[in-house]
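Numbering of ligands and ligand atoms starts at 1, following listing order.
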Amino acid sequence: MSSIPLIDISPLALEDRQAWQPVIDAIDTACRDRGFFYVTGHGVDPALVQQVFDMSARFFALPDTDKRAIDITQSPNHRGYGSIGAEQLEEGKPTDWKETFDMALHLPEEHAYVERCPSMYGPNRYPQLEGFQSLMERYYAELFPVAMRILKAMALALKMPEDFFSQSFSTHVTVLRVIHYPPRPEQVHDNGAGAHTDYGCITLLRQDQIGGLQVRGVDGQWIDATPIEDSYVVNIGDLMQHWTNDIYRSTAHRVVSPQAGVHRYSSPFFVEPDFDTLVTTLPTCIDTEHPLRYQPVTSGDWIQSRFKATYSYRNKETS
Ligand SMILES: O=C(O)CCC(=O)C(=O)O
Ligand SMILES: [Fe+2]
């Protein structure tokens with residue numbers, strides 16, 4: 001039995017702020033203790049999620065050349081298909097045994113944000129697969145308000161105005177990713193995704209029933225984040241840890257590859273604010289017990305520094 005708490009967030013969809021309070025308290029405790037929790041009552045239709053997973057499996061089953069046509073290493077703004085070997089989340093480990101597809105807000109080339117930060121903003125790249133784009137866009141649009149509700153609860157838990165985090169999401173870089181973990185390579189390693197923390201505010205992760213996600217506890221032990229039907233695993237990212245002076249924990253996690261013959265699919269939603277958001281530690285998180293630990297950093301600088309550490313092709317870029 002996993003010790004990651006499960007929180008029903010359905011009251012956050014109500015107008016009545018008093019109804020929010022038990023949820024705010026439960027999220028606050030989970031963020032301080034472990035930095036990971038499951039949510040139910042999110043309101044996302046399970047049939048839609050199933051369609052996304054089915055579509056994702058169809059995409060990853062396409063011939064390599066079709067997937068490579070939208071290779072992320074050819075995208076100026078980090079969108080499209082990441083083959084096995086594109087990303088290595090843990091230094092000193094073999095490359096992650098997974099393939100990915102990333103999308104975010106689709107902005108035309110002439111948009112002001114694309115001109116200001118072309119390495120994060122711009123067009124999405126979609127495969128030639130009927131219904132793929134519209135389905136992924138629909139899912140992205142459904143999930144985004146759920147993330148904003150959770151961020152509002154966190155802002156209130158931290159004694160900040162409700163919109164404190166969500167106001168930094170006007171032209172954000174929230175990424176929807178789908179992942180395929182093929183069976184582990186025979187006798188070689190079981191490193192589906194190396195140990196890492198996520199980079200942004202929070203991540204909402206949907207996983208199939210195979211299992212393999214593990215979360216590092218304060219004692220350094222890995223515990224299984226066992227799949228729970230119709231739930232998201234929510235975790236804190238680095239920017240939130242920075243904002244909260246380490247009071248909310250950006251917890252390391254990893255994925256163990258499935259056994260021979262088994263394929264695992266998952267879909268993280270990386271909730272990341274506008275690239276020029278200046279993340280300055282909250283005054284409500286600084287006291288004698290918690291002296292200030294961080295200098296301000298912009299969201300874009302932080303996230304791009306992580307991309308450079310984990311995607312070798314990004315190192316070749318000048319900006
Ligand atoms: O696939 C999973 O369960 C987790 C993936 C993950 O941690 C990530 O992509 O950052
Ligand atoms: Fe992660």
Q) Centroid-to-centroid, Tyr181 to His263, below 6.0 Å? A)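 No.
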Q) Does one side chain, of Ser10 or Asp8, offer a donor that lies under 3.5 Å from an acceptor on the other? A) yes
Q) Does a donor on one side chain sit under 3.5 Å from an acceptor on the other, for Asp198 and Thr203? A)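 Short answer, yes.
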Q: Answer yes or no: is there an ion pair linking Asp96 with Arg254, defined by an N-O contact shorter than 4.0 Å?
A: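 So Asp96 does not pair with Arg254 through a salt bridge.
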Q.
Please determine whether a side-chain nitrogen of the Lys or Arg among Asp276 and Arg116 lies less than 4.0 Å from a carboxylate oxygen of the Asp or Glu.
A. yes
Q.
Just so I know, are the side chains of Arg206 and Tyr139 near enough to count as touching, which here means a heavy-atom distance under 4.5 Å?
A.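 Side-chain contact under 4.5 Å: yes.
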Q.
What I'd like to find out is whether the side chain of Ser257 reaches to under 4.5 Å of the side chain of Pro183, using heavy atoms alone.
A.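 In short, these two side chains do not touch, never coming nearer than 4.5 Å.
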Between [X] and ligand 1, which residue portion shows a heavy-atom distance shorter than 4.0 Å: side chain, backbone, both, or neither?
| X | result |
| --- | --- |
| Thr203 | neither |
| Val233 | neither |
| Leu89 | neither |
| Arg264 | side chain |

Q: Work out how many protein N, O or S atoms lie closer to the Fe ion (ligand 2) than 2.8 Å.
A: 3
**Q.** Leu62: side-chain contact (heavy atoms from CB on, under 4.5 Å) partners, not counting sequence neighbours
**A.**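 side-chain contact (heavy atoms from CB on, under 4.5 Å) check on Leu62 returns Phe59, Asp66, Lys67, Pro127, Leu129.
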Does at least one non-hydrogen atom of [X] fall below 4.0 angstrom from an atom of ligand 1?
| X | value |
| --- | --- |
| Pro268 | yes |
| His196 | yes |
| Gln207 | no |

Under a 4.0 angstrom heavy-atom cut-off, which atoms of ligand 1 come close to [X]?
| X | answer |
| --- | --- |
| Ile179 | 1 (O), 5 (C), 9 (O) |
| Ser266 | 1 (O), 2 (C) |
| Asp198 | 10 (O) |

Q: Look at the rings of Tyr294 and His242 and say which category their plane angle falls in: under 30° parallel, 30 to 60° tilted, over 60° perpendicular.
A: parallel
(Q) Is it the case that ligand 1 has an N or O less than 3.5 angstrom from some N or O of His253? (A) yes
Q: Apply the ring pair (Phe, Tyr, Trp, His ring centres under 6.0 Å) test between Phe101 and each candidate in Phe60, Phe132, Tyr265, Tyr81; give the one that qualifies.
A: Phe132
Q: May I ask you to identify the nearest protein heavy atom to atom 4 (C) of ligand 1, giving residue, atom name and distance to one decimal place in Å?
A: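 Of every protein heavy atom, Val255 CG2, 3.6 Å lies nearest to atom 4 (C) of ligand 1.
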Q: Considering heavy atoms of the protein only, find what lies nearest to atom 5 (C) of ligand 1 and give residue, atom and distance to 0.1 Å.
A: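 Checked against all protein heavy atoms, atom 5 (C) of ligand 1 sits closest to Tyr181 OH, 3.5 Å.
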Q | salt bridge (charged side-chain N to carboxylate O under 4.0 Å, His left out) partners for Lys159, two or more places apart | A |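 If we apply the salt bridge (charged side-chain N to carboxylate O under 4.0 Å, His left out) test to Lys159, skipping adjacent residues, there are no hits.
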Q: Only counting residues at least two apart or in another chain, list the ones meeting side-chain hydrogen bond (donor to acceptor under 3.5 Å, both in side chains) with Asp28.
A: Arg32, Tyr248
